[in-house]
Amino acid sequence: MSSVDLEAQFDAEYFAEPSENKNPHESLEQIRSNIDQLMDDYSHQGISLTGHLIHVSHYLPFVCMLKHQNEKDEQKDEPSDTPKPILTEVDQVGFERRSDTPNQHSFPIGPSGASSELPRRRRMSTVSAHNNFSQPKWTLSHRRGHTAMNAGIRSLGSQFRQTSIGWPGDLRLGNQRGELIESSSLTETDKKALEEELKVQRETQTDDMSWIPVWIEDKLAHMHYEGYCKTTLWPLFHYLIWQEHFPEQDESDDATYQAYLEVNWAYAKKVAEIWKPGDLVLVHDYHLLLVPKLLRSLISEAYIGMFLHSPFPSSEIFRCLPRRKEILDGMLGSNLVCFQTYSYSRHFLSSCIRVCGYESTSSGVESNSFNTAISHCPIGIDVERVLLDRDAEGVEPKVNALRQLYHGCKIIVGRDKLDVVKGVVQKLQSFRKFLEEFPEWRNKVVLIQVTSPSLHEDAKLESDVADLVSHINNEFGGLGFTPVHHYHQMIERDEYFALLSSADLGLITATRDGMNTTSLEYIMCQSKTYQSPLILSEFTGIGGILNQTVRINPWDIFGTARAINKCLLMSTEDKAKRQTELFRRVSSHTSQTWAFTLIKELLRNLGVGQTARVTPYLDHKLIVDKYKKAKKRLLLFDYDGTLTPIVSRPSAAVPGQKLKEILPRITSDERNIVFIVSGRDGNFLSEHLGHMPNIGLSAEHGCFIKEPNSKEWWNLTDNIDMSWMDDVEDIFKYFTERTIGSQIERKKASITWHYRNCDAEFGSFQCKQCQDLLESNVVSKKPVEVLVGKKNLEVRPLAVNKGEIVKRLLYDHSDSEFVMCAGDDKTDEDMFRSLSDIFVLAPGSTSSLKPIMNAPVSVSMGGEKEETLPGVEINMNADDIFTVTVGPASKPSLAGWHLTTPEEVIDALEKLVG
Ligand SMILES: O=P(O)(O)OC[C@H]1O[C@H](O[C@H]2O[C@H](CO)[C@@H](O)[C@H](O)[C@H]2O)[C@H](O)[C@@H](O)[C@@H]1O
C-alpha cells in the first residue's frame, strides 16, 4: 500500500466526517412526563405505586467521623435548639498530596494560581450533623467519587421520595489523626446516633432523601470489596482475567465469594426491612450483583431495577468466571438490568444465552421462570454543577497560569486514575512515538499528565510510568524544556477544571472504561475556552457515543501518534463544528436524564403489563379435592419438559426414578385413565414407558396412538402422502452440515432438527433461516406444519396434532369427572385448546359454561378424513379440567394453571395420590 493510501485509510478510520447523532435522547421534560403517564396508567389498572424509590449502592456518599470525646465536650455550650444544618458541599476528603516519586512534581498551579507546592493537608467537613436529642456525635462529609451517579439520584428527589441504603465505609475518629474505628467496637448508641443523624441529612431543603447504613463487620466488608469485588469481578469486567491471581481456586479465594454473598445478603435484608408494596428498588453496580435475586427471594413481588456502572465483558470473557451462573442469576432477579452502552447489554444477553442456556425474549431474557428486561442508558454528568465548577472564581487564574507557564507550547492534557486499564502507559508510548515521527513538534508540545492513586497501588505500573516519563524527557527534553509533566497526586477541583480548560488537546487512552466522565467534563470546559479536540479511546463506554471526538484504538501506538499530530493541526472551523455538536450532546443527556430514564425503563418493565397473561400457579388443594371426588379421571401428560427435564441429548431424557415410582401408583388406581401424549416416536415411548401397565401412549404429536395394555400402535397418518419427508430431510441435512452440533431425528411420520448443542446464537439464527426455507419450499406445497420446539424444528402432517388425540380421548372417556392435562411446549397448546373448546356458554346464559360434546363431534381419523361421531354427554364443569403449562407464569399459554418445572409436576402428582 502506498503512503498516500495509508494516509487516506488513516483519515477514513480516525477522521471520518463526524456524523450527527441520529437518535437524540429524549429531553428531561419528555422523560418526566412519560413517567407521570406510566404511573397514571398503573394506577388506572389498580396497581398502586408508592412513589418511593429505594437506592442500594455500595457506599453511602458520606465519610462518617465519630466525634472525639473532647470535641464533643467542647461543643457542650452550643444551644440545644440550634437549627439542623443543611449539609454543605465539602471538597476532597482525607487525602494528601504526594510528590515522592522521581519525575513527579507538585501540580504547578496552587490555589493562588501561582506555581507552588500545596501544604500537606487533610480536608474534612466542617459541618456536623445534629441528632434530635443531643449534641452531634458524628461529623459527615461528602465522600469523593460517583459524582454523576449521586447527582442523578439526588435529582429524582424532585418527583419521588427516596431512601438510599449503603455501607458507611470505614469509620474514623474525628480527632486530628482521623484514626480508624473498628465498627464492632461501636456501641449500639453510637450506631443509633449515626442512623438518626443520617436521617436528617438534606442536600437542599426540598430534598426528600433518607440515608440508611448497612452495618457490616469490617473484615467481611473488606473481603467483599478488596476481595471478590476488586480481585475477581472488577478485573474480569475490564478484560483483565486474573493474570496474577486466580480466584476461587482454594479455600481462601472462595471465601471472598462467600463474603460477597454474605454482604449482598446484608443489603437485601436491609431493603426488605423498609420495603413497602409499590416501592421501586434500584440496585447499583457490580458490588451488589446478587442483591436482586436475594431480595426477590424475600419479596417475590418487588419491583427491582439494576444498573451496572462498569463495563460488562464479552461472553467469552465472562464465561471464565467460576461463579458465572450465580452472578447472572443474581442479576436476573431484577425486572430490569440496565447498562451504560448497547454493547455491554448485548454481552450480558449473550452470556445469559451462552453460559446459562436461557432464552432471549422480545424485551430481554427469560430465566428461572422470570422475565428480565435488558436496556442501556449512559450516565451523563451533572452539567449545571460542572458549569458552576468550570466558572468558579479560582479557575480562570489557574488557566492563565498554566498557559503562561507553557507559553509558546501546545498543551496536551491527561487526567486518569493510575489503574492499568486507564492506559497511561499506552498514552506515554503514543506521545513518544508522536515526538519520534513528527520531530517538527519537539520543544513545542507538552503533555501534562495527572494521575490519581488507585485503591491498590500498583508498584510495577508506577515504575513503568515513571520510566517512560524519564525516557521521553531524556530523549526529547533538555535543560530548558521538559516534554512530559507527570503529577501523581490528587488535585483540587479548581485545578482540575483549569487543567481541562487550558488544553489544546485532551488525550484519553483507556484500554477499558465503563463510561469515562472526564471526557464529558473536558467538553464542558473547552466550550468556554479553546474548543480543543478530544482524542478518546474506543474502549471507553462513552467512546461509542461521542462520535465527534477523534476515536482511537489505544493499542495502536502509531495510529494514536498520528491522531495527535492531526488534532494539533486541526482547523479552527473543524474544531468548532465538533465542539458545538459535542456540547449539545453532553448537555442534552445529563446525569439527571440518566436517572429519570432509568426509572422510566423500570416502570415500563415492571412485568405487571403482562398481568392479563399471567397463568396462576396450580392450586394444589383445589386439584387434590377435585381429584379425590372424581369417580373417573383422565390424566394426559406430555413427556419432554413435562415429566422429564430437558437435557442436551434426546436419547438421555429417560424417565427419572421418581417418575418411575409415581406413574405405577397413578395407573394402579382403576379410576384413572393415563395417556402420555408426546412428540417422541413410538419406539422411544415403548422402550421407556411401554412396559408399565395401564399407560396409553400417543407418539409423534398425534400421528400414532396405543391404548393402555395393547401392543398395537394405531397409525393416524396411514393414508397421508409422506413424500415431503425426504425434501425436509434434505433441507435439514443442508443445515446440519453448516451448523456444528446440530442433528436430525427422523421418526416414522415426523422429522426433527435439533440445535441445542450448537453455539446458542448461531443455532437460533440457523433455525430461523431453516424455518424460512421450509415455509417457502415445503409448507406452501405440502400439507405439513412446521413446529418451533425447544431448540428444535419439527415437521409433521397438518392433519394430526396432539389436540385431536385429546378430543378423541375425551370422547372415548366422556364419563370422566376430572381431567388433568400438562405440557410445556407449543404443541401442547393444541391439547389445552381442545379442552377449552368443548365448553361454550349455555344458550341464553351469560355465566355458566357447558360442554358441547353432547352435539355430534368431528374427530380427525388421520389422513384428510374426519369422522363425525354422535354426541356424548359430558358431566364436567370447566373447573373440573386442569390444564397445566410447565414454565413461567408469564409464558403465553391457553392453560388454566402453571407449574414451573418437571420436578414440580412430579410433586403435584405425588400430592394427588397422597
Ligand atoms: O412432545 P414432547 O414429549 O415434549 O417431545 C417434544 C420433542 O422432545 C424431544 O426434544 C426435546 O427434548 C430433548 C431432551 O430433553 C432435547 O435434547 C431437545 O433439545 C428438545 O427439543 C425429542 O427429541 C423430540 O423428538 C420431541 O418431538
Side-chain angles (χ1 to χ4, degrees), residues 353 357-359 635-656 659 663 674-690 695-706 717 725 728-729 732 735-736 739 741-760 763-764 766-767 770-771 784-797 800-806 821-834 883-887 891 893 895 899 901-903 905-906:
I353 296 170
Y358 296 144
E359 302 277 341
L635 297 140
L636 310 168
F637 303 111
D638 161 61
Y639 180 70
D640 287 282
T642 299
L643 292 181
T644 180
I646 294 290
V647 291
S648 59
R649 279 179 303 114
S651 58
V654 295
L659 177 62
L663 277 179
V674 181
F675 269 82
I676 310 287
V677 187
S678 170
R680 293 281 182 160
D681 66 13
N683 288 344
F684 180 94
L685 295 177
S686 297
E687 183 189 341
H688 295 290
L689 300 159
I695 288 200
L697 301 173
S698 168
E700 302 195 31
H701 301 291
C703 295
F704 299 88
I705 188 160
K706 187 169 89 63
T717 64
M725 266 195 116
V728 172
E729 190 169 18
F732 279 172
F735 279 91
T736 307
T739 318
S742 64
Q743 70 182 90
I744 300 169
E745 183 187 2
R746 185 166 174 145
K747 301 179 254 191
K748 285 209 170 67
S750 60
I751 182 163
T752 309
W753 181 68
H754 291 275
Y755 62 94
R756 179 168 300 278
N757 300 321
C758 308
D759 176 281
S764 307
Q766 291 289 76
C767 169
C770 182
Q771 190 187 352
V784 293
E785 193 174 359
V786 181
L787 313 169
V788 183
K790 291 194 161 165
K791 306 271 181 193
N792 75 28
L793 269 185
E794 307 206 48
V795 185
R796 60 139 172 76
V800 288
N801 65 56
K802 290 185 177 187
E804 291 302 317
I805 294 290
V806 165
C821 175
D824 68 314
D825 226 331
K826 288 201 190 107
T827 59
D828 303 318
E829 294 296 316
D830 292 330
M831 302 203 276
F832 305 148
R833 185 175 297 105
S834 289
T883 47
V884 182
T885 185
V886 183
K891 182 172 87 175
S893 174
L899 286 169
T901 60
E903 290 76 15
V905 176
I906 308 286

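Atoms within a ligand are numbered from 1 in the order they appear, just like the ligands themselves. The structure presented is a predicted model; accordingly, all values stated were derived computationally and were not measured.
- Close approach of ligand 1 to Ala653 (heavy-atom distance below 4.0 Å) involves ligand atoms 14 (C), 15 (O).
- Summary of contacts: the protein heavy atom closest to atom 17 (O) of ligand 1 is Val647 O, 2.6 Å.
- A salt bridge between Lys802 and Asp638 is present, with a side-chain N of the basic residue lying under 4.0 Å from a carboxylate O of the acidic one.
- If you take CD1 on Ile906 and OG1 on Thr644, they are separated by 8.0 Å, rounding to the nearest 0.5 Å.
- Neither side chain, Ser698 nor Lys706, offers a donor N or O lying under 3.5 Å from an acceptor on the other.
- For the pair Ile646 and ligand 1, the shortest N or O to N or O distance does not fall below 3.5 Å.
- Taken from CZ in Phe675 to SG in Cys821, the straight-line distance is 12.5 Å, to the nearest 0.5 Å.
- Near Lys790, with a cut-off below 4.0 Å to any heavy atom, the atoms of ligand 1 are 18 (C), 19 (O), 20 (C), 21 (O).
- A salt bridge does not link Arg680 with Glu700: none of the charged nitrogens is closer than 4.0 Å to a carboxylate oxygen.
- The protein atom (non-hydrogen) at minimum distance from atom 3 (O) of ligand 1 is Ser678 OG, 2.8 Å.
- Counting only N and O atoms by type, the side chains of Thr736 and Gln743 include no donor and acceptor under 3.5 Å apart.
- Nearest to atom 19 (O) of ligand 1 among the protein's heavy atoms is Arg756 NE, 2.7 Å.
- With a 4.0 Å cut-off on non-hydrogen atoms, Glu700 does not touch ligand 1 at all.
- Listed by number with element, the atoms of ligand 1 under 4.0 Å from a non-hydrogen atom of Tyr639 are 3 (O).
- Residue, atom and distance of the protein heavy atom nearest to atom 10 (O) of ligand 1 are His754 CE1, 3.4 Å.
- With respect to atom 5 (O) of ligand 1, the closest heavy atom belonging to the protein is Asp640 OD2, 3.4 Å.
- Aromatic pair Phe735/Tyr755: centroids not less than 6.0 angstrom apart.
- Near Glu745, the atoms of ligand 1 lying under 4.0 angstrom from a non-hydrogen atom of the residue are 22 (C), 23 (O), 24 (C), 25 (O).
- From Ile695, atom CD1 reaches atom CG of Leu635 across 10.5 Å, with rounding to the nearest 0.5 Å.
- At the shortest separation from atom 6 (C) of ligand 1 among protein heavy atoms lies Glu794 OE2, 3.9 Å.
- The shortest N/O to N/O separation between Asp638 and ligand 1 falls below 3.5 Å.
- Applying the 4.0 Å criterion to heavy atoms of Ser648 picks out, from ligand 1, the atoms 17 (O).
- The parts of Pro650 lying near ligand 1 are both backbone and side chain, judged by heavy-atom distances below 4.0 Å.
- Checked for salt-bridge contact, Asp640 and Lys790 miss the test: no charged N lies under 4.0 Å from a carboxylate O.
- Counting atoms of ligand 1 from 1 in the listed order, those under 4.0 Å from a heavy atom of Lys747 are 24 (C), 25 (O), 26 (C), 27 (O).
- Side-chain N/O atoms of Thr739 and Gln766 include a donor and acceptor closer than 3.5 Å.
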